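Working notes for the structure below.
What's counted below: heavy atoms across the whole structure, side chains too, no hydrogens, waters or symmetry copies. Residue numbers run from 1 in the order of the sequence given. This one's a predicted model, so the numbers in the text were calculated from it and none came from an experiment.
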Amino acid sequence: MFLRRVLSWKCLGWRGFKQGRSISSGRRLDLRGIYPPIVTPFNQKGQVDYQQLESNVQELSKIPFRGLVVQGSNGEFVFLTSEERVEVVRRVRQVLPEEKLLVAGSGCESTEATIAMTRNMAEAGAAAAMVITPCYYRGRMNSAAFIEHYTQVADASPVPVVLYSVPGNTALELPMDAILTLSQHPNIIGLKDSGNNITRIALIVHKTKNQDFQVLAGSAGYLLAAYSVGAVGGVCALANVLGEPLCNLAKLCVGGQWEEARELQYRLIEPNTAVTQKFGIAALKEAMGWFGYYGGLCRAPLLPLTEAERKDLRNNFASNGWL
């Protein structure tokens, strides 16, 4: 069945032609650059604080990012209602400069819900949809299931689709053979890989080199390494607080200034680990306040940092010269 799909794409073209799109229009979307996966601010009542959201977007827009990822893992999308998810994207698009790309997380557990959410995100202003792997029934989430899921989503999506593999949150990794098959779909343009495995990223880049398919690193901790093996950018939580340094790192890598890039990368590793693996979103939101943004509280059941954790977090930034 999957071979027939691939042959159909190549011989007949994508079914989305009926929506007035072309293969070239989807494939021309260039993902190169750095993206902060922005947080969702909440007020003291636990409601989405749209005023603070818009303020953060206005400040982030001053940094030379390629664009923003909205409703990624750091946006606490699993804690939001469907209506909140779409409204956050709509509000961001209203204040984000036109030249900045808006990539919206639209993944849900079912294929049907993902298709509906992807269409809603496109209507709200997203230029591309980033679709996380379904994971609740992970025992049955094999290559065949993923290929069928993403194929249906990409066939139905009015905007290009970016695959999203984040095993740290889903406890599964999008299999290599599924990625290689899906890279041939004319409306699937890339992958955000948050698996911390440079060998895997390198192999994906190598195996898809004849496809119009781009790979983004999922963390600032290995951004230099990802660029060195052919990734085109990164979706990095740390960019919410150290956006300028991360854009500088990308510029150094693209320019082949590897020695300078290496020294900058060293200084980003500990802060990045602190706001991702070590303390998570609560730490990211805490650090945002130190750099002129609004982080605020997480939505329950995520807890704020303890005083000891807060001191440890601050030391991770200060000891590397950022505070």
Side-chain angles (χ1 to χ4, degrees), residues 2 35 37-40 69-82 84-86 88-89 103-121 126 128-157 160-183 185 187-197 200-201 203-204 215-219 221-222 234-237 275-282 284 298-302:
F2 305 119
Y35 304 76
I38 65 171
V39 305
T40 302
V69 167
V70 186
Q71 296 304 299
S73 299
N74 288 283
E76 298 176 67
F77 77 92
V78 293
F79 295 161
L80 302 185
T81 66
S82 297
E84 286 173 330
R85 290 180 68 179
V86 176
V88 166
V89 171
V103 180
S106 64
C108 303
E109 280 300 305
S110 77
T111 303
E112 181 180 5
T114 302
I115 289 171
M117 182 62 71
T118 300
R119 287 172 170 164
N120 288 337
M121 292 304 194
M130 190 176 75
V131 181
I132 196 170
T133 51
C135 63
Y136 188 81
Y137 297 107
R138 64 177 56 88
R140 295 296 294 170
M141 291 296 101
N142 54 23
S143 292
F146 283 131
I147 292 170
E148 184 65 22
H149 172 73
Y150 281 108
T151 296
Q152 289 191 39
V153 172
D155 282 350
S157 175
V161 171
V162 178
L163 310 175
Y164 180 20
S165 180
V166 56
N169 289 351
T170 63
L172 54 79
E173 194 165 55
L174 189 58
M176 180 70 68
D177 62 331
I179 293 170
L180 299 184
T181 298
L182 292 166
S183 71
H185 193 294
N187 203 35
I188 295 177
I189 62 169
L191 164 74
K192 177 196 173 186
D193 194 297
S194 298
N196 301 339
N197 187 333
R200 171 181 154 93
I201 290 176
L203 187 59
I204 293 169
V215 179
L216 297 168
S219 177
Y222 52 87
V235 180
C236 307
V275 301
T276 55
Q277 301 172 24
K278 195 173 183 181
F279 299 127
I281 299 170
L284 178 60
C298 295
R299 185 169 268 184
L302 288 180

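- Side-chain contact between Arg85 and Met121 is present, with heavy atoms from C-beta onward closer than 4.5 Å.
- In summary, of the residues considered (Ile115, Thr114, Leu182), a side-chain contact (heavy atoms from CB on, under 4.5 Å) with His149 occurs for Thr114 alone.
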(request) Apply the test side chain to side chain contact (heavy atoms under 4.5 Å, CB included) to residues Val39 and Glu76: give CA-CA distance (whole Å), side-chain angles for both, the deciding distance (0.1 Å), then the verdict. (result) CA-CA 7 Å; Val39 305; Glu76 298 176 67; 5.6 Å; no
(request) Show your reasoning for whether side chain to side chain contact (heavy atoms under 4.5 Å, CB included) applies to Val69 and Lys192. (result) CA-CA 11 Å; Val69 167; Lys192 177 196 173 186; 6.0 Å; no
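- Thr40 is not listed as a side-chain neighbour of Glu84, based on a closest heavy-atom distance of 4.5 Å or more.
- With contacts defined as side-chain heavy-atom distances shorter than 4.5 Å, the pair Thr111/Val153 qualifies.
- More than 12 non-hydrogen atoms from other residues, nucleotides or ligands lie less than 6.0 angstrom from CD of Glu109.
- Counting only heavy atoms from C-beta outward, the side chains of Val88 and Gln71 approach each other to under 4.5 Å.
- Considering OG1 of Thr133 and CG of Leu174, their distance stands at 6.5 Å, rounded to 0.5 Å.
- In this structure, Arg200 and Asp193 have side chains that are in contact, with non-hydrogen atoms separated by less than 4.5 Å.
- For Arg299 against Phe79, the heavy-atom pair with the smallest separation is NH1-O, 2.9 Å.
- The heavy-atom pair separating Ala104 from Ala126 by the smallest distance is CB-CB, 3.6 Å.
- Every residue two or more places apart in sequence or in another chain that forms a side chain to side chain contact (heavy atoms under 4.5 Å, CB included) with Ser82 is listed here: Met117.
- Within the model, atoms CG of Asn74 and CG of Leu284 stand 5.5 Å from one another, a figure rounded to the nearest 0.5 Å.
- Ile201 places a side-chain heavy atom less than 4.5 Å from the side chain of Tyr222.
- Atom CD1 of Ile132 and atom OG of Ser106 lie 10.5 Å apart (nearest 0.5 Å).
- Interatomic distance, CE of Met141 versus CG of Leu172, reported as 8.5 Å (0.5 Å rounding).
- When all heavy atoms are compared, the tightest approach of Ile281 to Cys298 is CG2-SG, 3.8 Å.
- Considering only heavy atoms from C-beta on, Asn187 comes within 4.5 Å of Pro160 through its side chain.
- How far CG of Leu180 is from CG of Leu203: 7.5 Å, rounded to the nearest 0.5 Å.
- Although no hydrogens or angles enter the test, the distance criterion places a donor-acceptor pair under 3.5 Å between the side chain of Tyr150 and the main chain of Val131.
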(message) Set out, in order, the CA-CA distance, both residues' side-chain angles and the distance that settles side chain to side chain contact (heavy atoms under 4.5 Å, CB included) for Gln277 and Asn196, then state yes or no.
(response) CA-CA 11 Å; Gln277 301 172 24; Asn196 301 339; 3.4 Å; yes
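- Note: Leu163 CG to Phe146 CZ = 10.5 Å, rounded to the nearest 0.5 Å.
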